[in-house]
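Single-structure report; data block below.
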There are 2 protein chains.
Amino acid sequence: MARPTNTQFAVGVHLMTLLSAAPDVVQTSTGLAGSVGTNPVHVRRVLGLLRQAGLVASRPGSAGGWLVTRPPREILLADVWRAVVGEDQVLGLHEANPDCTAGQRIQRALVEVDRRAARAIEAELQATSLADLADGIDRLPAVAATA
Amino acid sequence: MARPTNTQFAVGVHLMTLLSAAPDVVQTSTGLAGSVGTNPVHVRRVLGLLRQAGLVASRPGSAGGWLVTRPPREILLADVWRAVVGEDQVLGLHEANPDCTAGQRIQRALVEVDRRAARAIEAELQATSLADLADGIDRLPAVAATA
DNA sequence: GAATTCGTCACCACAGCTGTTACAGTTGCC
DNA sequence: GGCAACTGTAACAGCTGTGGTGACGAATTC
């Protein structure tokens with residue numbers, strides 16, 4: 001922890017919020033990247049995960065781009081979390097000495113602790129929808145595309 | 001997230017469990033490192049954080065080493081968490097485009113989300129003491145020091 | 001057919017974490 | 001006093017995960 005370098009959940013929430021703010025407008029990865037402060041390829045990487053989870057849809061070709069598939073009130077932060085993080089560890093586990101019986105047992109206990117922590121995060125994120133988060137952001141124009 | 005590379009919390013819990021299993025025995029960082037599967041310097045780094053939090057005490061010099069300061073039943077995983085992670089981020093935040101008003105607002109909302117997630121983890125870890133975790137590990141001999 | 005955008009790969013740069021070495025300070029023992 | 005054992009800490013190297021960039025094919029619209 002300390003300073004997790006993976007920001008995909010934050011980027012995912014950011015993207016979902018932008019798309020939800022204009023549910024009927026097809027938005028390009030380049031435009032979205034402008035507001036998020038990153039690049040189109042990274043945006044497509046994260047949106048790809050969200051699409052696998054059914055939260056967004058994409059359309060290739062000219063006039064293509066991205067759309068949300070559900071109203072923001074029905075999208076919970078936990079949905080974004082599951083789409084991006086899945087079943088991955090959240091606390092960061094180490095590799096105990098395989099020759100140390102006690103160490104191995106502690107190790108297994110820590111896996112269980114990690115699982116419980118992940119569930120706690122998910123439960124917390126279950127309480128907030130994109131609509132809650134976006135209150136006050138709706139309909140604000142995104143930053144002008146810098147490209 | 002995805003795969004947090006910082007394992008200090010896990011190492012901290014591991015160390016506390018080993019020390020708690022033999023509350024009256026002074027243990028050296030070299031011996032502890034053997035079970036944890038790391039090196040003495042790293043062990044001392046993590047134990048240093050735990051000492052700042054008052055969870056352990058150290059004694060330099062010959063016959064020196066480390067001791068817990070409280071019975072394991074009074075040490076919660078949340079204590080270890082606070083000692084090691086403190087107020088650091090847990091979800092991983094990105095840097096939104098500072099010129100994008102909407103982006104900045106989402107950014108602030110995400111900071112709040114992160115804070116709530118951190119509290120959720122802490123609350124979950126508050127439910128488990130080292131004694132709970134160590135049930136069945138107590139009094140097991142640690143791995144023979146490999147050095 | 002031209003323009004636009006997604007989808008994806010390959011590669012690079014950077015940041016954070018851990019491992020290692022080194023060395024000063026402290027303590028116990030002979 | 002001299003030596004051995006340990007902590008405390010700094011400096012540096014190596015590894016790994018993440019994100020940035022460029023490239024290019026496929027799909028779609030006009």
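Throughout, protein chains are lettered first and strands after them, A, B, ... in sequence-line order, and every chain is numbered starting at 1.
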Value in whole Å for how far the C1' atom of C:dT18 lies from CZ of B:Phe9: 19 Å
Just to confirm, is there a sub-4.0 Å distance from OP1 or OP2 of D:dC6 to any side-chain nitrogen or oxygen of B:Thr30? no
Round to a whole Å and report the spacing from CZ of A:Arg44 to C1' of D:dG25. 13 Å
Within the 4.0 Å heavy-atom criterion, would you say A:Arg59 contacts the bases, only the backbone, or no part of the nucleic acid? sugar-phosphate
Phosphate-side-chain proximity, B:Thr7 and C:dT18, N/O vs OP1/OP2 below 4.0 Å: yes
Spacing between B:His42 atom NE2 and D:dC12 atom P, to the nearest angstrom: 20 Å
Rounding to an integer number of Å, can you tell me how far A:Arg45 CZ sits from D:dT18 C1'? 9 Å
Counting only side-chain nitrogens and oxygens, does A:Thr5 get under 4.0 Å of the OP1 or OP2 atom of C:dC14? no
So, A:Arg116 versus B:Thr128: side-chain donor-acceptor pair below 3.5 Å or not? yes
Does A:Asn6 place a side-chain N or O at less than 4.0 Å from the phosphate oxygens OP1/OP2 of D:dT18? yes
Taking the side chain of A:Val41 as heavy atoms from C-beta outward, which of D:dA10, D:dT7, C:dT8 is closest to it? C:dT8
Under 4.0 Å between a side-chain N or O of A:Arg51 and OP1 or OP2 of C:dC6? no
When you measure from the side-chain N and O atoms of B:Ser29 to the phosphate of D:dT7, is any distance below 4.0 Å, counting only OP1 and OP2? yes
What is the separation between atom CH2 on B:Trp66 and atom C1' on C:dT26, rounded to the nearest whole Å? 14 Å
On the nucleotide C:dA2, are OP1 or OP2 found under 4.0 Å from the side-chain N or O atoms that A:Ser62 carries? no
A:Leu32 CG to C:dT5 P: how many Å, rounded? 12 Å
Checking side-chain polar atoms at under 3.5 Å, does A:Thr38 have a donor or acceptor matched by the opposite partner on B:His94? no
Below the 4.0 Å mark, does D:dT7 have OP1 or OP2 next to a side-chain nitrogen or oxygen of B:Thr28? no
Whether A:Gln8 contacts D:dG19 is assessed here as follows: a side-chain N or O lying under 4.0 Å from the phosphate OP1 or OP2. Is that the case? yes
Partner of B:Ser20 under side-chain contact (heavy atoms from CB on, under 4.5 Å), picked from B:Val68, B:Leu133, B:Val56, is B:Val68
Among C:dG19, D:dC6, C:dC6, the nucleotide that comes nearest once only the side chain of B:Asn39 is considered: C:dG19
Identify whether A:Leu91 and B:Leu76 are in the same connected component of the hydrophobic contact network (ILVMFWY, side-chain heavy atoms under 4.5 Å). no
In whole angstrom, give the distance that lies between atom CD of B:Glu95 and atom P of D:dG19. 13 Å
Can you check the B:Gln27 CD to D:dA5 P distance for me, whole Å? 19 Å
Is the shortest distance from a Lys or Arg side-chain nitrogen in A:Arg115 or A:Glu112 to a carboxylate oxygen in the other one below 4.0 Å? yes
Residue closer to the 5' end of DNA chain D, B:Ser58 versus A:Thr38 (nearest nucleotide): B:Ser58
A:Leu50 to A:Ala83 - nearest heavy-atom pair and separation: CD2-CB, 3.8 Å
